[in-house]
Amino acid sequence: MGFALRTCFFICGILLKTMAALALMFELNLLPIHGRSTDYYVEVFALKLPLYLFIIGFVMIVCSFYFPRRTKRRGKV
């Protein structure tokens, strides 16, 4: 896998994780603390998009590190 594709995966993963964290922070700060119930937290963490963005971003970062590098030099015999 080329250097450019690995770098693109890494940068996109970081961007997705950042978007997920910001969306989650904004989502949790919309209501006052005393007005929140456990159902609200379950809905935010399980049913909203930030969790999925975070997971996709994490997978992209892991893939960027563990995809094998393609080298032009072959082993010398």
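Here I11 sits in one hydrophobic cluster together with L15; the rule is ILVMFWY side chains under 4.5 Å apart, joined directly or through other members.
With sequence neighbours excluded, the residues forming a side chain to side chain contact (heavy atoms under 4.5 Å, CB included) with C8 are C12, listed by chain and number. Applying the side chain to side chain contact (heavy atoms under 4.5 Å, CB included) rule to F10 yields the partners I14, I61, S64, F65; only residues at least two apart in sequence or on another chain are considered.
With rounding to the nearest 0.5 angstrom, the SG atom of C63 is 10.0 Å from the CG atom of L5.
No path of Ile, Leu, Val, Met, Phe, Trp and Tyr side chains, each step under 4.5 Å between heavy atoms, connects F54 with M60, placing them in separate hydrophobic clusters.
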